[in-house]
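Below is one structure, written out as structure tokens, with a few remarks after it.
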Amino acid sequence: MINKSIELFERAQRSIPGGVNSPVRAFKSVGGTPVFIKKAKGAYLFDADDNQYIDFIASWGPMILGHAHEPVVKAIQEKAIHSTSFGAPTELEIDMAELIISMAPNVDQIRMVSSGTEACMSAVRLARGFTGKNKIIKFEGNYHGHADAFLVKAGSGVASFNIQNVPGITAGVSNDTLTAPYNNLEAVKQLIEENQSEIAAIIIEPVAGNMGCILPQPGFLEGLRKLCDEQNIVFIFDEVMTGFRLGAGGAQEKLNIAADLVTYGKVIGGGMPVGAFGGKKEIMQHIAPVGNVYQAGTLSGNPIAMIAGYTLLNELKNNPAIYDELEAKTNYLGEGIKRVLSKKGINFRVNQIGSMISLHFCNHAIIDFESASKANIPLFNKLFHHLLKNGIYLPPSAYESWFLNNALSYEDLDKTITAIDSFDQY
Ligand SMILES: *Cc1c(COP(=O)(O)O)cnc(C)c1O
């Protein structure tokens, strides 16, 4: 029974567009009524009707050690007593910067912001200011937040990049964003050739998590790195999802590729609104007040947000076994899913790295947006609702990675596998 959620969703739609403050929460792609969450603890969410769910979203990543993680909650409480914002520098911001620099490879300096969107848009501005060039290359199906420059899609191929296809975004902005299919180095080479000396940055999700969990194919990131070096292009890793999730050093460390600039969000704030962008000192020194690339934020480095993130990151740094445990749990889930679905004779693919995993109903490899969209989306949506009814909360879209949190027990994973086993595909 989700009667209260149904009631709340109706009420929400009167005062909030679509009833939600971020579109994917509305369940548009899977259909049905979104459940309204009242509270959460560890691996479990509780909705307005007191139903309990095993959580595979972890607030899209931040709750990597489970909800209401005690050290984080306690740190927030203790900090809040001394005021929630000053608009002046604090020692805690230095501690946070030093901690991030000690964990993340190739980050000499870091600037805190309040969301992943802000981090990515600021990194691109900085790359433009640093190189004196205007255009950027992004990949189809990669999400870098909702800033204008990132909402441009290629439509049906690299040739159509100048078509304005998101209302509200000017043709001028669209023209400066070029797009290529993920895992397609040749397409990037072609774009660079057609736009000689005009590309300021290539921005990429080093593991794509916004169209499922899609891994870079061998040589792809290496090839991009080489192109960036040859063409004086700033290579930006958007690690908003992968940062502090794939390991303490994120995708850079896990995949052993160096980025020039890196953006963070999600895990970095421990559940508070935090983002950050950092990288080589040579580039970072171009930001105001040292340089002339302007970037600012009234609540940037906010003490409550910083102490939440600092407490979480510190635990991740000091206990690297967490990442092995997370990966072992994710492997276990993946193997279980493969076992029960193979028995049913359903075509499927499981993509996985570290604690990110996705399930696609198809008989082909999922390597980019096109292959992801050719999977059986209605069947995924059916599985989503089957699991929701069984108290298991997946991301409400076939185009999302699932995020495991370390509060999940093997019993929770067994329950999930059993629920998938009881799925009737017909
Ligand atoms: C979530 C996400 C963003 C945007 O972060 P917000 O905090 O929602 O603005 C950017 N890039 C990636 C890869 C993301 O997953």
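Nothing here was measured: the structure is a model prediction, and the numbers come from that model.
A donor atom on one side chain and an acceptor atom on the other are not found under 3.5 Å apart for Thr311 and Asn314. Looking only at atom types and distance, the side chain of Arg111 has a donor-acceptor partner in the side chain of Gln295 under 3.5 Å away. Between the side chains of Thr418 and Asp421, no donor N or O sits under 3.5 Å from an acceptor N or O.
Applying the salt bridge (Lys or Arg N to Asp or Glu O under 4.0 Å) rule to pairs touching residues 58-72 yields Lys41-Glu70, sequence neighbours excluded. Under the salt bridge (Lys or Arg N to Asp or Glu O under 4.0 Å) criterion, the residue pairs touching residues 77-96 are Lys74-Glu78, with sequence neighbours excluded. Residue pairs meeting the side-chain hydrogen bond (donor to acceptor under 3.5 Å, both in side chains) criterion with at least one member in residues 234-256, sequence neighbours excluded, are Asn106-Gln252, His144-Asp238, Asp238-Thr263, Glu239-Thr242, Arg245-Ser355, Lys254-Glu327.
Counting heavy-atom neighbours within 6.0 Å of His386 NE2, excluding the residue itself, gives a total above 12. No more than 12 heavy-atom neighbours from other residues, nucleotides or ligands sit within 6.0 angstrom of CD on Glu411. By the neighbour-count criterion of 12 heavy atoms within 6.0 Å, atom CD of Gln217 is densely surrounded, having more than that number from other residues, nucleotides or ligands.
Residues forming a ring pair (Phe, Tyr, Trp, His ring centres under 6.0 Å) with Phe56 (at least two apart in sequence, or on another chain): none. With sequence neighbours left out, Lys415 forms a salt bridge (charged side-chain N to carboxylate O under 4.0 Å, His left out) with no residue at all. Not a single salt bridge (charged side-chain N to carboxylate O under 4.0 Å, His left out) links Glu325 to another residue, sequence neighbours left out.
Using a 4.5 Å heavy-atom cutoff, the side chains of Leu388 and Val30 are not in contact. Cys120 is listed as a side-chain neighbour of Phe150, based on a closest heavy-atom distance under 4.5 Å.
Atoms CG and CD, on Asp260 and Glu282 in that order, are 8.5 Å from each other to the nearest 0.5 Å.
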Practice item. Go through the steps for Glu222 and Lys226 under the test side chain to side chain contact (heavy atoms under 4.5 Å, CB included), then give the verdict. Key: CA-CA 6 Å; Glu222 289 83 351; Lys226 191 158 167 277; over 6 Å; no
Check your understanding: Is there a side chain to side chain contact (heavy atoms under 4.5 Å, CB included) between Ile192 and Ile233 once you walk through the steps?
Key -> CA-CA 10 Å; Ile192 291 175; Ile233 294 169; 3.8 Å; yes
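For Lys317 (side chain) and Leu99 (main-chain N/O), no donor-acceptor pair under 3.5 Å exists by modelled atom type. Between the Gln352 side chain and the Gly354 main chain, a donor and an acceptor come within less than 3.5 Å of each other. Judged purely by atom type and a 3.5 angstrom limit, Asn405 has no side-chain atom pairing as donor or acceptor with the backbone of Met63. With hydrogens and angles disregarded, no donor-acceptor distance shorter than 3.5 Å links the side chain of Lys374 to the backbone of His364. A donor-acceptor distance shorter than 3.5 angstrom exists from the side chain of Asn351 to the backbone of Cys213, with no hydrogens or angles considered. The backbone N or O of Ile199 sits less than 3.5 Å from a side-chain atom of Lys133, completing a donor-acceptor pair. Using a distance-only test at 3.5 Å, with no hydrogens or angles considered, a donor-acceptor pair links the side chain of Asn195 to the main chain of Leu191.
Between His360 and Ile366, the shortest heavy-atom distance links the atoms CG-CG1, 3.6 Å. Thr330 approaches Leu326 most closely through the heavy-atom pair OG1-O, 2.6 Å. A pairwise comparison of heavy atoms in Leu312 and Pro62 identifies CD2-O, 3.6 Å as the closest pair. Smallest separation of non-hydrogen atoms from Ile353 and Leu246: O-CD2, 3.7 Å. The two residues Val188 and Ala180 make their nearest non-hydrogen contact at CG2-CB, 3.9 Å.
Leu221 pairs in a side chain to side chain contact (heavy atoms under 4.5 Å, CB included) with only one of the listed residues (Asn183, Val207, Ile257, Leu185), which is Ile257. Checking Ile204, Leu261, Val262, Asp229 one by one against Phe235, the side chain to side chain contact (heavy atoms under 4.5 Å, CB included) holds for a single residue, Ile204. In summary, of the residues considered (Phe220, Phe369, Tyr143), a ring-ring contact (aromatic ring centres under 6.0 Å, His included) with Tyr182 occurs for Phe220 alone.
Between Tyr393 and Tyr53, the angle of the ring planes goes over 60°, which puts this pair in the perpendicular group of the 30/60° scheme. Between Phe403 and Trp60, the ring-plane angle classifies as perpendicular under the 30° and 60° cut-offs. Under the 30°/60° scheme for interplanar angles, the aromatic rings of Tyr332 and Tyr410 are found to stand perpendicular.
The side-chain tip of Lys39 points at the ring of Phe46 from less than 6.0 angstrom away and within 45° of straight on.
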